[in-house]
Undergrad: 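Structure below; questions to follow.
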Protein chains: 4
Amino acid sequence: MAPTKKVSLRAELRTTQFNIWIHSDPSGAGILERLDAGELVIGDGGFVFALEKRGYVKAGPWTPEAAAEHPEAVRQLHREFLRAGSNVMQTFTFYASDDKLENRGHTQRFTGQQINEAACDLAREVANEGDALVAGGVSQTPSYLSCKSADDVKAIFKKQIDVFVQKNVDFLIAEYFEHVEEAEWAVQVLKTSGKPVAATLCIGPEGDLNGISPGDCAVRLVKAGAKIVGVNCHFDPETCVKTVKLMKEGVEKAGLKAHYMSQPLAYHTPDCNRQGFIDLPEFPFSLEPRILTRWDMQKYAREAFNAGIRYIGGCCGFEPYHIRAVAEELAPERGLLPPGSEKHGTWGSGLDMHTKPWVRARARRDYWEKLKPASGRPFSPAMSAPDSWGVTKGHADLMQQKEATSQEQLKVLFDRANKAQ
Amino acid sequence: MAPTKKVSLRAELRTTQFNIWIHSDPSGAGILERLDAGELVIGDGGFVFALEKRGYVKAGPWTPEAAAEHPEAVRQLHREFLRAGSNVMQTFTFYASDDKLENRGHTQRFTGQQINEAACDLAREVANEGDALVAGGVSQTPSYLSCKSADDVKAIFKKQIDVFVQKNVDFLIAEYFEHVEEAEWAVQVLKTSGKPVAATLCIGPEGDLNGISPGDCAVRLVKAGAKIVGVNCHFDPETCVKTVKLMKEGVEKAGLKAHYMSQPLAYHTPDCNRQGFIDLPEFPFSLEPRILTRWDMQKYAREAFNAGIRYIGGCCGFEPYHIRAVAEELAPERGLLPPGSEKHGTWGSGLDMHTKPWVRARARRDYWEKLKPASGRPFSPAMSAPDSWGVTKGHADLMQQKEATSQEQLKVLFDRANKAQ
Amino acid sequence: MAPTKKVSLRAELRTTQFNIWIHSDPSGAGILERLDAGELVIGDGGFVFALEKRGYVKAGPWTPEAAAEHPEAVRQLHREFLRAGSNVMQTFTFYASDDKLENRGHTQRFTGQQINEAACDLAREVANEGDALVAGGVSQTPSYLSCKSADDVKAIFKKQIDVFVQKNVDFLIAEYFEHVEEAEWAVQVLKTSGKPVAATLCIGPEGDLNGISPGDCAVRLVKAGAKIVGVNCHFDPETCVKTVKLMKEGVEKAGLKAHYMSQPLAYHTPDCNRQGFIDLPEFPFSLEPRILTRWDMQKYAREAFNAGIRYIGGCCGFEPYHIRAVAEELAPERGLLPPGSEKHGTWGSGLDMHTKPWVRARARRDYWEKLKPASGRPFSPAMSAPDSWGVTKGHADLMQQKEATSQEQLKVLFDRANKAQ
Amino acid sequence: MAPTKKVSLRAELRTTQFNIWIHSDPSGAGILERLDAGELVIGDGGFVFALEKRGYVKAGPWTPEAAAEHPEAVRQLHREFLRAGSNVMQTFTFYASDDKLENRGHTQRFTGQQINEAACDLAREVANEGDALVAGGVSQTPSYLSCKSADDVKAIFKKQIDVFVQKNVDFLIAEYFEHVEEAEWAVQVLKTSGKPVAATLCIGPEGDLNGISPGDCAVRLVKAGAKIVGVNCHFDPETCVKTVKLMKEGVEKAGLKAHYMSQPLAYHTPDCNRQGFIDLPEFPFSLEPRILTRWDMQKYAREAFNAGIRYIGGCCGFEPYHIRAVAEELAPERGLLPPGSEKHGTWGSGLDMHTKPWVRARARRDYWEKLKPASGRPFSPAMSAPDSWGVTKGHADLMQQKEATSQEQLKVLFDRANKAQ
């Protein structure tokens, strides 16, 4: 990691001709101290999708064995997000529960404990290279979907948290829950660690998959013990900010207090139904045309800030440059630019060094802010009709199994999907 | 890097339920031995754009100082392409000539020699982890654009090649030339190294910026000494394959012999003019909606193969998963899958492990092949009108300067661009 | 007009090879007798837009002087709608109030009375050629927008109704009101004629321009004396059916009774705000890409029928073939096809007579039902951002004037619009 | 028809506030006298499509029996085009040859002679109301497609021309030919009448269906005796102008002389192959999104004029307002506005009389010229992949038959089309 130096931000903002990079010294403050003090906290992006594209995660099971199997790849991605401005290194432990690691014929060379431990070590190693905290993360379980008992589901979370406590992460995040009930259970277990707990659902303005409104969901999470609540994944930034606003209204109406966070997709999803991008026909292998630009991200950061959200990060689809855009948009508020801005002119100003004069003419904010980028796909539509099977936890279709999906089972699904078109 | 094992491909092709990964032992054969033997060679993707998104390259100057400044980031990207199936590690030396490093106020902390040396070392280190060759690369120069003499321009190439020879790369590539004349000069210098020379222009079917047809360009490059000719960058795969076909026809009509290569963009560019994606209004910061899917890439690999192209790689926009898609499409021809396919079910078959049944229903080739992905951008058009200033080498607008572009110069450009809209 | 004959519909539905045309004898029943008996009533399309394209109405003032000035053109359009299946000939008296005829420098060669009388005669002449009723129509006034008193506004309606009573139209329609208050006033005046009164607002699901919900609007109209309520103009069929559903729910919740009607645009308007298509940037001269196909219309007719709407017609953008599509979709319910179906094979069946075999292959319902028609406009987006000045009755911007808009006034507007972009 | 008066155009061009309408007295000059004198001639639009939407022509057979069956509808359409500025009334005799009238089970209540005579009378009646000429038209025959002899095909043309001569039309047009060979035969027959002959093919830049280039086609038509050559139908205005340019180049290169005409579609067809819009999946019932706006038409008129085309009209999709747009664009060159401009403010200027101020703000040329109209169809793509069966005259698939297409024949076609998707 290149050395950092402190420079006045004022210089940067005065001229777009010369970009400086800036990084504050580690503050040593915890997540709640920062948020209570009114500081902005920038999260990181989604590891699962980024590492799938880099060749280390398999789409379908989406499990994080790379933490143990290819640590160099995970370490590098942490570093890129740190460099982009992230204040939080989330352990790469998404879906790292034992029941998930065994689901539907997915075989693993590593135990859940091995993966969770390796992920903690990598996050801490990189966090120490800058001013970042380590957050241990748990997410929804196949056990809940298969209608296991509260005790069974809580036991699964407990196993992951034991590792987080032993590795002394700075705080905990229960994230990616489609049903607030399961998220409550998770928060209850996480709270026993004594560490600050954040909780995010992967829901939109219509609420969780049982139809519980964002406001009610947020109240239940706060009552369960979460100090930070919000949403992650499943919807685009615009929708996520809207949903967190509804959560905030609910919490305030109930006379409660909380901090708010959003970690949306980096994909435009104006056409989603309640289930989010999972139901879009393009999920997960043809989402490319929906990827947000860095300018879309600056808009997101500003809207999230205006909505009172102070923990602003990302999820699937976010690459380091997306987080850098968040950090650049909020540089005036934070008083610093991220190290990665050493290699980026704000609002395209670096183009003043381009060979072609008509490209140099794009070195200005209003050009990029107004541009509606073409898709280059004249045979594609603007929006899709999402799959809408309309089933959730409790439905036979969603009972999970340990064995690989059989060819007969797949054939039934293919026929059903063909008819639905 | 995980160990590799040899397995019969037949097993993989029989079932989509279980993906094995395969890698042959290093063959030790050189680039021409491979191509002469009828082998397929898979190139790598574009480092400049990938590392810009990761935070290590600045858009505008586009220079490769990261090779010396952040070697861990460059090394990791090489590894990901190797894992995706690349047989060639190109040294990250794009625009690493001294005249370019000083252009338009771009200041450097490293000399050209330092960058070129570091890049060679990184490429060799990773190439040795698998079955890959190292290719030293040179590209077009600001000196040519500014009408410097042939001797001046050749001297610039010579400086880079001295490093490549000293570091003993396996072969050389002259790439990204908009004018065949400058590419000829480059080939003439590269040939003096005694190593095999490949040459690619960044042109489309309309020919180079002086209007010389692809066929004539190819003939001139072969006559200058290139053993492999083709195109890279500036256009999408479909356009590049079409252009290489024209080159091949030209070479064959002239009674000459060559091997053919293509390293296109990973962006759809149906709306480009002769200058390529540089002229699209979205270049370089809003190209996201144009990014090719992995299925688009499999189509490209097949079309390139059918056109007689045997060196098949990529350029700007290519991420490791794009190269993996090329390798997977050509697995039957090559008799092996790349290591990265350990984490990828061919044609989406890994989705049979997904939690939701309607996503499992997408675990099939015809689903992904037929899908026309929506843009999620209802306010964006399908195509753009490219900038068309219609100037090239020799025009005053294109004279390069060492000093930073001044605010006055920028204002002139902004006004001119606004009027053109 | 060609003679009509009664034929069993069953023959038509059994084969798509041979289309027969059918028309019942005039029933002599009034509008309420028909609706009370459960009959379907098919309205006509919008004369203003259709005659603008034919060269007889000026966009901007949108006044109907053609009834007196070019009666042959108005008569022909009536005939085409009759032939397409319309059961109602609306008098071409849209905006035929004296205050409107004098608005903003629009000079007229005919008095309001002359226009209203001529329109009644034309409608009756053509209605008598088939099984159609004549409806006299009034619409919103500049006087209301300029905050004139209830008495002043009512006096304007009274003048038009005097003509309708004298010409003995079959029933009356108060249509195209943006504010329910003015529509109530109109209904109160119309009721004094002793003729059945229908009332339609040009609103969407968000309610009238004062924010009064569709349900509340409908209740007020029924209480004012309207026997038929619904919406016309401003939104596409899908939105209009949704709005009438809300009206029906409101009326039923209030324990009242009414018949329901919808006369939507023939333009797709998924991107409208509360003000409707007026605010779309394409209004009124670039709406072409939004025009509904005949298949879109069949879908509308079915949805309207399923929503309990029994008076189903159209407004701006509807051409005779759109009304014919409504009549063809509802042929099974009505037991007859319109005369115009003599020249139309249902669901494209007439294409079995096409010269080219691949066009004959399109002679089937599922082909046309599934087709998502391309725009042929690669530089256009799918949706627009509507103008949103957010002003309505009472705002100074909307005070109407008799004098022509001055160049100074226009300049202020141009500047304001340019800034808003 | 309203009386016309002569007014100085200068007044109109000085102000957009007040539109005057103007019409010159009948000149009495013939078509060649006008063109030889450098005058512009404005054609009319396509009757078949316009009357299909009005309920008088059946899509599939596309025959013009309405001339005899519903003369009031045909007369009205002629009048609207005259009012819009047309200088030519084409007899509504498209596909009015006896072999066509009997094709594929299409039964007729009128003989070809009856239809041709009625069409001549209607055209002459309306032409006499203004300054228009009557043109008798013939088009391609099923006999040619079915490989009948030159004598057989010529005999069919002869029968139609006998009527035209007897009715004393002003000139003749051989139009809508896909094969130049058949068009030559037609011209040869038409020439025997002693009247001026125009000939248009329905081809694009790729040439006729046998691959004969536009230039060669034009030369052959001129040599056969046509004084005016060009294209009609099948392609959008941009493509047609491009094709006529190629024709003009061919004729000039051959040292010949001719006048040039274009009568394109009013549909955008950027995605067509050689066969034109017939092969687009949207043909003929879902072409709505492709309809040109009046502003697109003004662009067409200007481009056609700049290309040296002096007979400028339209074909399928053209409504009267499209022709009016052509006449308004060329008003400075012609020195007059058409009667229909009485009801149209040039470049949207009539909107200065609109009620809403933000609509008044659209009363200016640059607003409409720059607007890229949205489709309102977020689930539709921008372009389509045309059917490409690649067969033409001589192929068994194209042999025409008198009997109705059987269900068995249709089933074969449906299956074939489904497979091709």
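Residue numbers start from 1 in every chain, and the chains themselves are labelled A, B, ... in the order their sequence lines are given, proteins ahead of strands.
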Undergrad: Heavy-atom pairs under 4.5 Å with chain C - which of Pro320(D), Ser375(D), Gly105(D), Pro61(D) has more of them than the others?
TA: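 Highest number of pairs under 4.5 Å: Ser375(D).
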Undergrad: What distance do Tyr321(D) atom OH and Lys53(C) atom NZ have between them, rounded to the nearest 0.5 Å?
TA: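 Rounded to the nearest 0.5 Å, the OH-NZ separation comes out at 4.5 Å.
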Undergrad: Under a 4.5 Å cutoff for heavy-atom pairs, which residue among Arg324(D), Glu319(D), Arg75(D), Lys372(D) has the most contacts with chain C?
TA: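 The candidate making the most pairs under 4.5 Å is Lys372(D).
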Undergrad: Looking at Pro357(C), Pro142(C), Ser384(C), Pro378(C), which makes the most heavy-atom pairs under 4.5 Å with chain D?
TA: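 Counting heavy-atom pairs under 4.5 Å, the top option is Pro357(C).
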Undergrad: Counting heavy-atom pairs under 4.5 Å with chain C, which one of Leu145(D), Leu398(D), Ile278(D), Leu77(D) comes out on top?
TA: Ile278(D)
Undergrad: Roughly how far apart are Leu292(C) CG and His322(C) NE2, rounded to 0.5 Å?
TA: 6.0 Å
Undergrad: Where on Leu280(C) is there a heavy atom nearer than 4.5 Å to chain D: the side chain, the backbone, both, or neither?
TA: backbone
Undergrad: Given heavy-atom pairs under 4.5 angstrom as the criterion, report whether the side chain, backbone, both or neither of Tyr95(D) touches chain C.
TA: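 The answer is the side chain of Tyr95(D).
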Undergrad: Quick check on the interface: out of Arg294(D), Lys356(D), His268(D), who has the most heavy-atom pairs with chain C under 4.5 Å?
TA: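 Most pairs with chain C among the choices: Arg294(D).
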Undergrad: Among Gly55(C), Ala374(C), Gly60(C), Cys272(C), who wins on heavy-atom pairs under 4.5 Å with chain D?
TA: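 Of Gly55(C), Ala374(C), Gly60(C), Cys272(C), Ala374(C) has the most heavy-atom pairs under 4.5 Å with chain D.
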Undergrad: Which atoms of Arg54(D) are under 4.5 Å from chain C, going by heavy atoms: the side chain, the backbone, both sets, or neither?
TA: both
Undergrad: What part of Thr269(D) is in contact with chain C, defined as an atom under 4.5 angstrom from a non-hydrogen atom: side chain, backbone, both or neither?
TA: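 Answer is neither: Thr269(D) stays 4.5 Å or more from chain C.
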Undergrad: Taking side chain as everything from C-beta outward and backbone as N, CA, C, O, which of these in Ile323(D) sits under 4.5 Å from a heavy atom of chain C? Side chain, backbone, both or neither.
TA: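 For Ile323(D), neither part sits under 4.5 Å from chain C.
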Undergrad: Is it the side chain or the backbone of Tyr56(C) that comes within 4.5 Å of chain D heavy atoms, both, or neither?
TA: both
Undergrad: At a heavy-atom separation under 4.5 Å, does Leu371(D) approach chain C through its side chain, its backbone, both, or neither?
TA: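 Only the side chain of Leu371(D) comes within 4.5 Å of chain C.
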Undergrad: Does any backbone or side-chain atom of Trp358(D) lie under 4.5 Å from a heavy atom of chain C? Answer side chain, backbone, both or neither.
TA: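 Looking at Trp358(D), backbone and side chain both touch chain C.
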Undergrad: For Pro381(D), is it the side chain, the backbone, both or neither that has a heavy atom under 4.5 Å from a heavy atom of chain C?
TA: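 Contact with chain C is through both the backbone and side chain of Pro381(D).
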Undergrad: In terms of the angle between their ring planes, are His344(C) and Phe285(D) parallel, tilted or perpendicular, with boundaries placed at 30° and 60°?
TA: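 Geometry flag for Phe285(D) against His344(C): perpendicular rings.
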Undergrad: Less than 4.5 Å to any heavy atom of chain C: does that hold for the side chain of Glu403(D), its backbone, both, or neither?
TA: neither
Undergrad: Please report the closest heavy-atom contact between Ala68(C) and Pro71(C), naming both atoms and the distance.
TA: O-CD, 3.7 Å
Undergrad: Taking side chain as everything from C-beta outward and backbone as N, CA, C, O, which of these in Glu52(D) sits under 4.5 Å from a heavy atom of chain C? Side chain, backbone, both or neither.
TA: both
Undergrad: With chain C, which of Pro270(D), Ala84(D), Pro284(D), Pro281(D) has the greatest number of heavy-atom pairs at distances under 4.5 Å?
TA: Pro281(D)
Undergrad: I'd like to know which of Gln409(C), Arg377(C), Met383(C) tops the heavy-atom pair count under 4.5 Å against chain D.
TA: Arg377(C)
Undergrad: What part of Leu287(D) gets closer than 4.5 Å to chain C, counting heavy atoms only: side chain, backbone, both or neither?
TA: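 The answer is neither part of Leu287(D).
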Undergrad: For Thr63(D) and Glu65(D), indicate whether the former's side chain and the latter's backbone hold a donor-acceptor pair under 3.5 Å.
TA: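 Side chain of Thr63(D) to backbone of Glu65(D): no pair is present.
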Undergrad: What part of Gln400(D) is in contact with chain C, defined as an atom under 4.5 angstrom from a non-hydrogen atom: side chain, backbone, both or neither?
TA: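 Contact with chain C: side chain only.
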Undergrad: Looking only at side-chain N and O atoms, does His354(C) offer a donor or acceptor that is under 3.5 Å from a partner on Arg362(C)?
TA: no
Undergrad: Against chain C, work out which of Ala73(D), Pro373(D), Ala361(D) has the most heavy-atom pairs shorter than 4.5 Å and name it.
TA: Pro373(D)
Undergrad: Heavy-atom distances under 4.5 Å only: say whether Asp296(D) touches chain C with side chain, backbone, both or neither.
TA: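 Interface part for Asp296(D): side chain.
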Undergrad: Pick from Asp279(C), Asn103(C), Asp271(C), Asp236(C): which one has the most heavy-atom pairs with chain D under 4.5 Å?
TA: Asp279(C)
Undergrad: To the nearest 0.5 angstrom, please state how far the CD atom of Glu102(C) sits from the CD atom of Gln401(C).
TA: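 So the CD of Glu102(C) and the CD of Gln401(C) are separated by 13.5 Å.
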Undergrad: Just wondering, more than 12 heavy atoms not from Glu238(D) lying within 6.0 Å of its CD?
TA: no
Undergrad: Tell me, for Lys411(C) versus chain D, whether the close heavy atoms (under 4.5 Å) come from the side chain, the backbone, both or neither.
TA: neither
Undergrad: First locate atom CH2 of Trp368(C), then atom CD of Glu282(D), and finally report the distance between them rounded to the nearest 0.5 Å.
TA: 8.0 Å
Undergrad: Would you mind checking which part of Tyr267(D) comes under 4.5 Å of any heavy atom in chain C, side chain (CB onward), backbone (N, CA, C, O), both or neither?
TA: neither
Undergrad: Yes or no on side-chain hydrogen bond (donor to acceptor under 3.5 Å, both in side chains) for Gln76(C) and Glu72(C), after CA distance, side-chain angles and deciding distance?
TA: CA-CA 6 Å; Gln76(C) 176 62 22; Glu72(C) 74 286 0; over 6 Å; no
Undergrad: Does any backbone or side-chain atom of Val359(D) lie under 4.5 Å from a heavy atom of chain C? Answer side chain, backbone, both or neither.
TA: side chain
